[in-house]
There are 2 protein chains.
Amino acid sequence: MSPGKQASANTESVDNYLKAILTLGGREESRVTIKSLAERLRIAPASVTNMLQKLSGSTATLVDYERHGGVQLSPAGKRRALEVVRHHRLIETFLYEVLDYPLEEVHEEAERLEHFISERFEERIAAKLGHPKIDPHGHSIPSMEGEMTARESMLLADVIEDGIFVIDSVSDQDTHNLRLIEACGITPGARLRVRKNSSSDSYSVSIGRSSKAYDLSREVARDVRIIRLKG
Amino acid sequence: MSPGKQASANTESVDNYLKAILTLGGREESRVTIKSLAERLRIAPASVTNMLQKLSGSTATLVDYERHGGVQLSPAGKRRALEVVRHHRLIETFLYEVLDYPLEEVHEEAERLEHFISERFEERIAAKLGHPKIDPHGHSIPSMEGEMTARESMLLADVIEDGIFVIDSVSDQDTHNLRLIEACGITPGARLRVRKNSSSDSYSVSIGRSSKAYDLSREVARDVRIIRLKG
DNA sequence: CCTACCAATTAGGTATACCTAAATTAGAGA
DNA sequence: TCTCTAATTTAGGTATACCTAATTGGTAGG
Ligand SMILES: [Mn+2]
Ligand SMILES: [Mn+2]
Ligand SMILES: [Mn+2]
Ligand SMILES: [Mn+2]
């Protein structure tokens with residue numbers, strides 16, 4: 001077959017491990033502990049150890065695992081993880097743009113479908129959407145070649161000095177938080193004025209030059225990433 | 001929860017059994033043999049017996065199985081089977097209409113995705129497509145309530161007397177045959193002139209009033225359903 | 001009425017992907 | 001250096017959904 005890849009005989013389960021390792025490893029791609037993987041995947045640590053041993057042993061070694069030393073993606077594993085992330089984010093964009101899903105609903109559907117769409121499906125929705133670079137949460141969509149651009153952003157919850165920011169992205173992990181976030185008008189790309197409330201552990205935010213301010217708890221503020229515009 | 005159904009905890013495998021029983025049972029919903037199921041699903045007969053015993057035993061009895069007596073769908077099983085068929089055909093229509101898939105490619109993708117889309121996804125693509133009643137192969141799409149209209153049609157391969165017909169539907173089972181069929185211009189709804197070739201075991205067909213005639217082997221002719229217009 | 005024969009079933013596997021409970025280990029702090 | 005604890009691993013399950021081989025059953029023809 002041509003220089004491309006063959007459909008990757010990965011199971012849904014394996015894909016989920018790879019994606020979790022990618023995410024938890026962060027920008028530096030550091031080694032990930034069994035415990036953190038277990039928490040993220042909501043699977044018992046013993047099961048995670050088991051799976052990783054199988055993954056690093058057989059197949060095309062998707063993963064570099066060491067006894068008591070955590071895991072890291074191999075080049076092949078990283079390639080596959082980014083492919084799944086691309087699927088996920090393209091599907092989310094598609095659901096949002098074409099099928100008019102509410103933002104809080106796209107993640108759950110994408111989380112399932114990302115494992116089952118073909119390369120053709122991926123290619124067709126990408127084309128339909130005009131090859132988008134970011135998804136509706138503000139996350140970068142990896143390119144077909146597995147490149148993903150990273151922006152320099154911080155958590156709203158980590159703001160110390162009040163100021164004006166641009167909204168980078170919102171987390172898709174918690175439906176309830178996301179609804180609250182949307183209710184404030186927080187949308188990737190918009191401008192946000194942030195004031196840290198000294199009394200309670202919360203943030204007062206307003207969009208653009210609007211005077212309407214909303215209060216966000218620290219927990220919710222952890223689900224918003226922003227970039228400082230001016231101090 | 002409201003009067004509706006809960007997401008049906010069926011696995012992909014169970015759904016496939018139900019769909020196969022529905023199809024093989026035909027319009028009369030007759031009992032289906034283990035052997036025919038095994039062939040259709042490409043699973044060993046022993047495995048089919050096993051699965052059916054589990055299905056008829058536990059859960060909400062999706063199936064009426066009797067030792068040495070074949071199977072039949074229960075009302076609940078029929079409901080679920082039609083739901084999956086609705087998914088399948090809506091997805092096919094969507095891939096064809098919205099994502100510009102070639103006709104021969106829609107089936108394989110739908111065959112996978114039908115098990116994983118949510119009710120919301122089903123509803124959204126149905127709305128997007130204007131609640132279509134037939135899929136691109138000419139097959140009826142069951143309604144949300146599980147009603148499916150049946151047309152009175154025959155196989156092209158069963159034609160004895162030459163004549164003019166309307167094309168009812170084409171089978172989605174064989175990609176290769178489907179490509180041949182499409183190449184003749186055979187499309188559901190079009191008019192077809194059929195002449196049985198006495199010499200070889202084949203059919204000479206032409207579309208509408210076109211004089212261009214194509215030869216279809218009996219094997220391919222089995223994948224085309226037609227309705228007689230005039231003798 | 002009795003056999004074959006074929007369909008169906010039973011018996012006894014395998015692989016995947018989980019689980020809980022019981023070791024074991026690495027590393028931090030005394 | 002020793003000890004303790006939390007992380008990790010090992011051991012020994014479960015459920016699903018397949019498989020092959022061996023057995024049983026129904027029935028059509030002789
Ligand atoms: Mn998501
Ligand atoms: Mn996203
Ligand atoms: Mn189909
Ligand atoms: Mn179809």
Side-chain angles (χ1 to χ4, degrees), chain A residues 7-21 24-25 30-73 77 80-81 84 111-112 114-116, chain B residues 7-21 24-25 30-73 77 80-81 84 111-112 114-116:
Chain A
S8 92
N10 286 344
T11 63
E12 182 176 3
S13 192
V14 169
D15 278 352
N16 284 333
Y17 278 89
L18 297 178
K19 218 171 43 144
I21 297 168
L24 294 174
S30 39
R31 300 190 78 84
V32 170
T33 64
I34 271 69
K35 193 183 181 236
S36 64
L37 262 179
E39 267 162 13
R40 173 111 191 166
L41 296 169
R42 301 162 168 286
I43 285 172
S47 305
V48 173
T49 296
N50 232 257
M51 178 84 262
L52 294 179
Q53 285 170 347
K54 244 181 301 179
L55 279 188
S56 67
S58 57
T59 48
T61 48
L62 295 160
V63 124
D64 166 17
Y65 160 80
E66 270 176 282
R67 233 184 90 119
H68 292 280
V71 246
Q72 210 173 13
L73 293 176
R80 178 56 188 170
V84 178
E111 195 61 37
R112 237 175 316 112
E114 62 187 3
H115 309 289
F116 303 110
Chain B
S8 88
N10 286 344
T11 62
E12 181 176 3
S13 192
V14 169
D15 278 352
N16 284 333
Y17 278 90
L18 297 179
K19 217 172 45 146
I21 298 167
L24 294 174
S30 39
R31 299 190 78 84
V32 169
T33 64
I34 270 69
K35 194 184 181 238
S36 64
L37 263 179
E39 268 162 15
R40 173 113 191 162
L41 296 170
R42 299 161 168 286
I43 285 173
S47 306
V48 173
T49 297
N50 233 257
M51 179 83 262
L52 294 179
Q53 285 170 347
K54 244 181 301 180
L55 279 188
S56 67
S58 57
T59 48
T61 47
L62 295 160
V63 124
D64 166 18
Y65 160 80
E66 270 177 281
R67 231 183 91 118
H68 293 280
V71 245
Q72 212 173 11
L73 293 176
R80 178 57 187 170
V84 178
E111 195 61 36
R112 237 175 317 112
E114 63 187 2
H115 309 289
F116 304 109

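Letters go in sequence order (proteins before strands), and every chain restarts at 1.
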Distances for protein N/O vs nucleotides 4-7 of chain D N/O pairs under 3.5 angstrom?
residue, atom, partner, partner atom, Å
dA7(D), OP1, K35(A), NZ, 3.2

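- Put simply, the side chain of Q72(A) does not reach to within 4.5 Å of the side chain of V32(A), judged on heavy atoms.
- Of the two residues near DNA chain C, Y65(B) and N50(A), the one whose nearest nucleotide lies more 5' is Y65(B).
- Here T49(B) lies in heavy-atom contact (under 4.0 Å) with a base.
- A heavy-atom distance below 4.5 Å is not found between the side chains of T11(A) and N16(A).
- Under the 4.5 Å side-chain criterion, counting only non-hydrogen atoms from C-beta, L62(A) is in contact with V14(A).
- Side chain to side chain, H115(A) and N10(A) fail the donor-acceptor criterion of an N or O pair below 3.5 Å.
- Applying the side-chain hydrogen bond (donor to acceptor under 3.5 Å, both in side chains) test to pairs two or more places apart or on separate chains, those with a residue in residues 35-48 of chain A are T33(A)-S36(A).
- Here A38(A) pairs with P45(A), V48(A) under the side chain to side chain contact (heavy atoms under 4.5 Å, CB included) rule; sequence neighbours left out.
- OP1 or OP2 of dT10(D) lies within a sub-4.0 Å distance of a side-chain N or O belonging to Q53(A).
- L52(A) is listed as a side-chain neighbour of L37(A), based on a closest heavy-atom distance under 4.5 Å.
- Within the 4.5 Å cutoff, side-chain heavy atoms of L18(A) are placed close to those of V63(A).
- Remark: E66(A) pairs with R31(A) by the salt bridge (Lys or Arg N to Asp or Glu O under 4.0 Å) rule, at least two apart or across chains.
- Considering only residues two or more places apart in sequence or on other chains, K54(B) meets the side chain to side chain contact (heavy atoms under 4.5 Å, CB included) condition with M51(B).
- S13(B) comes within 4.0 angstrom of the backbone, heavy atoms only, and of no base.
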Pick out the pairs of N or O atoms, protein on one side and nucleotides 27-29 of chain D on the other, that lie under 3.5 Å.
none

- prompt: When you look at K19(A) and L41(A), which way does the side chain to side chain contact (heavy atoms under 4.5 Å, CB included) test go after all the steps?
  reply: CA-CA 10 Å; K19(A) 218 171 43 144; L41(A) 296 169; over 6 Å; no

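- In the 5' to 3' direction, nucleotides of DNA chain C lying under 4.0 Å from heavy atoms of chain A begin and end at dA17(C) to dA26(C).
- With contacts defined as side-chain heavy-atom distances shorter than 4.5 Å, the pair I34(B)/Y65(B) qualifies.
- With sequence neighbours excluded, no residue forms a salt bridge (Lys or Arg N to Asp or Glu O under 4.0 Å) with E12(A).
- With axes fitted over five pairs at each extremity, the angle between the ends of the helix from dC1(C)-dG30(D) to dA30(C)-dT1(D) is 10° (10° resolution).
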